[in-house]
Amino acid sequence: MKNFIISITILMLSSVLGYSQATKCVSPNGKLGLELWLNKKGEINYSVKYEDKNVIMPSKLGFKLNKNFKIEGQDKLSDLNSNFTIKENKKSYFNEEWTPVWGEVAKIKNEYNELFIRFIQSNTNREMDLRFRLYNDGLGMRYEFPDQENLIYFVVKEEETEFALPSDETAIWIPGDYDTEEYNYDICKVSQIAERYDSVRIGNCSQTGFSKNGVQTPLMLKYNNGLYVNIHEAALINFPALNLEYKTASNSFVAHLTPDAIGNSAYVQTSFNTPWRTIIVSDDARDILASKLVYNLNEPSKIEDTSWIKPTKYMGVWWEMITGKSDWAYTKDLHSVKIGETDYSKTKASNRHAANNEKVKRYIDFASKHGIPAMLVEGWNTGWEDWFGKSKDYVFDFVTAYPDFDVKGIGEYAKSKNVSMIMHHETSGSIRNYERHLEKAYQFMVDNNYHYVKSGYVGNIIPRGEYHYGQYMVNHYLYCITEAAKKKIMVNAHESVHMTGLSRTYPNLLSQESAKGQEYQSFGGNNPNHMTILPFTRLIGGPMDYTPGILEMDLHKTNPDREGRVNSTICNQLATYLTMYSPLQMAADLPENYEKYMDAFEFIKAVPVEWQDSKYLEAEPGEYITVARKDKYSENWFIGSVSGVNRKSTIKLDFLNPNQKYIATIYQDNKDSHYYNNPESYSKKTIKVKKNSILKLNEVMGGGYAIEIKTIN
């Protein structure tokens with residue numbers, strides 16, 4: 001009755017203001033409600049409520065077009081934001097359960113009520129559709145342009161999708177940018193974003209901001225009315241990535257699309273669908289983490305045979321270069337490299353080159369001995385002597401190895417040790433060069449038994465003037481994924497666009513970086529609460545290759561020439577394998593460092609990367625996250641908790657089987673643990689547990705705990 005009275009009131013108010021009668025849709029459980037109407041100008045407006053609480057206040061929808069960009073037959077374009085009338089209105093219900101190739105759970109429920117509205121623009125006779133899907137945990141909305149003679153080709157200047165807020169809410173945000181998401185998150189009122197912008201915007205090797213009120217999605221909000229709201233996008237295909245700009249006058253965020261080199265946002269040919277704009281909402285923060293809404297809004301897998309797609313844990317010749325202990329480059333004799341012309345046989349190998357046969361074999365031996373299934377090697381290929389900052393087109397060829405690295409021999413050696421090899425393709429932002437070599441590079445991988453690729457996009461994009469998150473690059477990333485699938489190659493992309501659930505459609509996209517990862521712990525450190533924020537933001541669209549597992553926190557002990565520390569306790573690193581879900585997880589530290597902390601390394605060895613069920617036990621963005629996950633291939637459970645504050649965590653093991661006995665191995669911060677001053681201090685104990693056992697555990701800022709729960713007879 002309460003919702004009915006609210007709806008009647010809104011309709012009466014709309015009538016007084018001259019608005020059309022609102023069209024309504026609710027979620028299957030009736031808690032989430034959408035209303036949509038046209039005002040006197042024929043402008044499309046919508047609002048969203050969760051039970052009796054406002055989520056989105058009246059907000060406009062539409063597009064501004066670039067009328068000065070000449071396209072044959074499109075001389076009289078008008079903006080698609082007014083003069084609309086409703087031509088068609090349909091509602092439907094959908095319910096399915098689908099099986100992901102990999103994921104946090106074995107089955108995903110996809111249930112929603114759909115509202116489809118076809119609008120016709122009275123002054124142009126052009127049609128534009130809106131499709132809304134209301135789930136119990138939020139909604140997705142997208143624009144659709146049907147095939148029509150009056151609108152075939154057009155250029156988007158700006159999207160005007162608006163998200164008006166009920167009040168001055170709390171935002172968990174990073175600066176809006178066309179090129180990087182590698183920032184620490186800030187937490188403040190939305191009205192304070194502009195004044196805090198400069199302090200949050202750290203330097204990066206490629207970055208392009210657009211406004212001091214600009215933020216990136218996924219944007220996490222904590223409302224004054226008690227709601228948790230996440231704004232993002234799903235199924236980003238052939239369209240620029242979404243940023244948001246806060247408008248003080250209307251207390252709203254408005255879509256801001258990443259432009260191309262000449263300032264246009266998107267080039268559209270009908271028929272065409274935009275990506276979904278998503279709003280996840282709940283009064284419980286745990287529901288935000290558990291939501292599969294973004295995945296559900298993507299199409300089912302386009303890869304029919306997925307048997308070759310294998311989640312894995314891996315080590316890598318990587319961290320020692322990140323810490324400056326060794327180099328990617330083979331020699332110091334060259335100041336300039338021309339791929340295919342420079343003769344490396346006439347140069348002297350540096351004693352700092354990491355990707356050499358002897359060292360890589362030592363890594364492989366360690367991984368094989370301890371059951372780590374895969375190995376990444378960076379710096380194996382020629383060109384690293386002058387790869388960055390030169391705006392260099394022909395920077396790598398992705399098939400020519402340095403003299404001290406035997407691609408085929410290492411591949412065979414790894415295979416003999418039951419270790420799979422991961423190829424590294426750094427593009428240095430030169431997209432034309434990568435695409436010219438892509439077919440040959442992928443075939444080279446297949447021929448040498450490399451089934452995973454880590455690609456990188458460090459630096460400014462070539463073609464010059466394009467951005468990492470523009471339509472051009474969005475299409476490039478997907479092109480690489482689809483071409484890789486043809487060769488049965490799995491992809492882990494770094495410095496690429498944010499994840500939008502596309503791993504449902506292309507499950508060979510195992511993971512991406514696309515955020516401030518562990519490498520920054522060697523470049524000045526991440527905030528100690530960073531790990532309590534990323535699952536609420538970056539991971540909403542899909543897995544992140546954060547590269548966890550650093551156990552030697554003193555950088556000086558890894559590289560005597562480097563000072564500083566990793567801002568994390570050992571237990572925080574262990575817990576990250578649970579709280580930062582990914583089907584591709586790295587054991588990122590050096591073998592010699594793991595040998596110093598073998599007790600903690602036992603957990604890294606044991607924790608799986610595939611799950612049949614997940615339960616979020618505790619969550620508050622910026623403060624703590626606790627999750628329990630059930631191994632996909634056994635009845636064992638694992639629990640991880642990360643904290644941005646000093647706290648006591650109390651959890652109940654009510655998810656265990658009542659007919660089964662268990663033994664729990666617990667790693668937790670000690671009272672004297674500190675993420676910077678005493679990160680190695682932790683305790684380990686083993687106890688018997690059963691269903692409904694209660695555990696009280698200690699966590700410090702930048703710390704956490706990790707638990708392995710195994711069945712016993």
Problem - Given L510, L509, I489, the one that forms side-chain contact (heavy atoms from CB on, under 4.5 Å) with I309 - result: L510
Practice task
Determine, stepwise, if the pair F253 / Y246 fulfils ring-ring contact (aromatic ring centres under 6.0 Å, His included).
Solution key: CA-CA 4 Å; F253 285 102; Y246 177 66; 5.4 Å; yes
Problem - Parallel, tilted or perpendicular: ring planes of Y178 versus H256, cut at 30 and 60 degrees - result: parallel
Problem - Under-4.0 Å salt bridge between E51 and K49 - result: no
Practice task
Could you walk me through whether E620 and K222 pass salt bridge (Lys or Arg N to Asp or Glu O under 4.0 Å), step by step?
Solution key: CA-CA 10 Å; E620 182 62 32; K222 185 175 180 180; 2.6 Å; yes
Handout entry: Identified side-chain contact (heavy atoms from CB on, under 4.5 Å) partner of F119 from the options L80, L38, N83
Key = L38
Exercise for the section: Step through it carefully: locate the ring centre of F94, locate the ring centre of Y112, and say whether they are under 6.0 Å apart. Expected result: yes
Practice task
Answer yes or no on whether K615 is positioned over the face of F655, meaning its NZ or CZ is under 6.0 Å from the six-membered ring centre and within 45° of the axis.
Solution key: no
Fill in the blank from the handout: Rounded to the nearest 0.5 Å, the CD atom of Q269 sits from the CG atom of D147 at a distance of 9.0 Å
Completion exercise
Of all heavy-atom pairs linking Y223 and V55, the shortest is OH-O, 2.7 Å
Handout entry: Aromatic contact, F69 with Y267 (centres under 6.0 Å)
Key = yes
Exercise for the section: Hey, could you give me the NE2/OG1 distance between H468 and T208, rounded to the nearest 0.5 Å? Expected result: 9.0 Å
Exercise for the section: Apply the test salt bridge (Lys or Arg N to Asp or Glu O under 4.0 Å) to residues E104 and K292: give CA-CA distance (whole Å), side-chain angles for both, the deciding distance (0.1 Å), then the verdict. Expected result: CA-CA 10 Å; E104 297 179 87; K292 298 297 179 287; 3.2 Å; yes
Exercise for the section: Quick one: closest heavy-atom pair of P507 and S301, and the distance? Expected result: CD-OG, 3.5 Å
Exercise for the section: Under the ring-ring contact (aromatic ring centres under 6.0 Å, His included) rule, collect the residues that match up with F145, sequence neighbours excluded. Expected result: F63, F154
Handout entry: Full working for salt bridge (Lys or Arg N to Asp or Glu O under 4.0 Å) between R133 and E114
Key = CA-CA 4 Å; R133 290 180 180 171; E114 181 174 282; 2.7 Å; yes
Exercise for the section: Would you please indicate if the ring centroids of Y477 and Y457 are separated by under 6.0 Å? Expected result: yes
Handout entry: W276 six-ring centre to R131 NZ/CZ under 6.0 Å and within 45° of normal
Key = no
Handout entry: Sole residue of D137, N230, D287, N136 in side chain to side chain donor-acceptor pair (under 3.5 Å) with S282
Key = D287
Practice task
Determine, step by step, whether D613 and K632 satisfy the salt bridge (Lys or Arg N to Asp or Glu O under 4.0 Å) criterion, reporting the C-alpha distance in whole Å, the side-chain angles of both residues, the deciding distance to 0.1 Å, and the verdict.
Solution key: CA-CA 8 Å; D613 198 8; K632 190 173 184 177; over 6 Å; no
